[in-house]
Visitor: 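There's a structure below that I have some questions on.
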Amino acid sequence: MPNRHTRPLTRDDLEASVRLGMEAFGAPPSDFVMPDPADYPYPGRHSWGSFEDDALVARMIARDYDSWWRGVHVPTCGIAGVTVVAERRGAGLLTDLFAATLADAATRGQVISTLFPTAPGIYRRFGYELIGSYDTVEVPTAALASVAAPTGTTTRRATAVDMPAVRVVYDAWAAQQNGPLTRSGPSFPAPDEEVVGAFTGITLAEDDTGVVGYVMWQRGTGYDAAASIEVEDLVALTPDAARALWRLLGSFGSVTGRVRVHTSGDDLARLVLPFPEWEVVHRHPYMLRVHDVVGAFEALPLVGVASIAFRVAGDPLGTMDGGYRLVVADGQASCTAGDVPDGAAELTPQGLALAYAGAQSAGNLRLAGHLTGGDAAFDATLDALLGGRQVHIRDYF
């Protein structure tokens, strides 16, 4: 039997890690250059590998993030680049890899973990559940000419000096959602000039208060009905800002057929569109695991006065299982682990993820088998504490 072990990857493992990634996610472009080991490890990344003897047979990358939940930053471990060598898939290699990677993340104070799955069933085994989706949608460019003209809002092209204002707009939007990344910290090292240079244009919407929206867009190729504008981010803090930005995109109607927008959930910017066309052409499902139950709840500024007891059972990694009492008062949550009464509500790890995200009601969790025990008062309290905000996913720029 080979000697199996899991450890952090070093720069000596970089080439093997890159080649294993190619095996799972496809060959790189023809102009790909192998990364320089001298640049490794990269800021905000922690790579782990499972080995059989000296052969790398599985790897996983943890990203240092914070994400917005109920108006605050929650330390988040983003899982990426998960792959297992073809001949060893199904051999249980991911169990040790997840255990080591998430234990290491916990030492950095990361209380939840998120990922984009290619196969959700794999990650449900480790306590993750689907809470949302990062989607690509298409709207007809010409139809955007029918968006009502804004009042008191104008547009202009952004430069690097405008990026702080762009981030203020993003944060104002993200603070009202559950799930979007904060786009700050070591995983976001790009200087403002580089961010601006990555797009054909970043267009601002301004009114007499300042910048109230922006759109990041790529022109793409071609100038006919098959051509499209690619929108990485469209964020508006007022209806007129949304109208101004949509009309800006609509001005390309004579040379492009579609506007492709990367978005999630019920996008507020859609509410100003006077037509129903909003075709989802690609979905990237998003999953959450509440790794540290106490830390995750105590990070939230929950509103109201409440005290509920519950259990979590079925976590294959063992960090969630047990009883908890959540007490909320004066805008602060206190969560303690310990014994809970017989008959207390019991959540699966997946049910806990859905409840924490506000993605499903307690009633739906019961229908799905993710919540048992407890009573109607528990369900109502859980919904009151954690409901009321949409899950919105955004990639990073």
Visitor: With a 3.5 Å cut-off and no angle check, do the side chains of Asp104 and Thr101 form a donor-acceptor pair?
Guide: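 Asp104 vs Thr101: no donor-acceptor pair found between side chains.
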Visitor: If every non-hydrogen atom of Asp383 is compared with every non-hydrogen atom of Ala362, which pair is closest and at what distance?
Guide: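 Between these two residues, the closest heavy atoms are OD1-N, 2.9 Å.
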Visitor: If I compare all heavy atoms of Val18 with all of Arg59, which pair ends up nearest, and what's the gap?
Guide: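 So the two residues come closest at N-NH1, 4.4 Å.
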Visitor: Looking at Phe297 versus Tyr356, is the centre-to-centre ring distance below 6.0 Å?
Guide: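 Aromatic pair counts; centres sit under 6.0 Å.
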Visitor: Would you call Arg258-Glu279 a salt bridge at under 4.0 Å N-O?
Guide: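 Counted as a salt bridge, because a side-chain N and a carboxylate O are separated by less than 4.0 Å.
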Visitor: Would you call Asp66 and Arg183 a salt bridge, using N to O less than 4.0 angstrom?
Guide: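 Looking at Asp66 and Arg183, the cut-off is not met.
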Visitor: List the atom of Ala143, the atom of Phe275, and the distance in Å for their closest heavy-atom pair.
Guide: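 For Ala143 versus Phe275, the nearest heavy atoms are O-CE2, 3.4 Å.
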Visitor: Hey, is Arg394 close enough to Asp267 for a salt bridge, meaning N to O under 4.0 Å?
Guide: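 Here Arg394 pairs with Asp267 in a salt bridge, since their nearest N and O are under 4.0 Å apart.
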Visitor: For the residue pair Trp68 and Tyr170, is the inter-centroid distance of their aromatic rings smaller than 6.0 Å?
Guide: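 No: the rings miss the under 6.0 Å criterion.
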Visitor: Does a salt bridge link Asp162 with Arg156, judged by any charged N lying under 4.0 Å from a carboxylate O?
Guide: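 Answer for the salt bridge query: yes.
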Visitor: Kindly assign one of parallel, tilted or perpendicular to the pair Tyr134 and Phe116, based on the angle between their ring planes and the thresholds 30° and 60°.
Guide: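 Tilted: the ring planes of Tyr134 and Phe116 meet at 30° to 60°.
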Visitor: So, Asp13 and Arg7, do they make that salt bridge, N to O below 4.0 Å?
Guide: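 Judged by the 4.0 Å cut-off on N to carboxylate O distance, Asp13 and Arg7 do form a salt bridge.
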Visitor: On the 0 to 90° scale, with breaks at 30° and 60°, tag the Tyr123-Tyr128 ring pair as parallel, tilted or perpendicular.
Guide: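 Because their plane-to-plane angle is over 60°, the rings of Tyr123 and Tyr128 count as perpendicular.
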Visitor: Salt bridge or not between Asp266 and Arg270? Use side-chain N to carboxylate O under 4.0 Å.
Guide: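 No salt bridge links Asp266 with Arg270.
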Visitor: For the pair Glu15 and Arg19, find out whether any cationic side-chain nitrogen is under 4.0 Å from an anionic carboxylate oxygen.
Guide: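 Here Glu15 pairs with Arg19 in a salt bridge, since their nearest N and O are under 4.0 Å apart.
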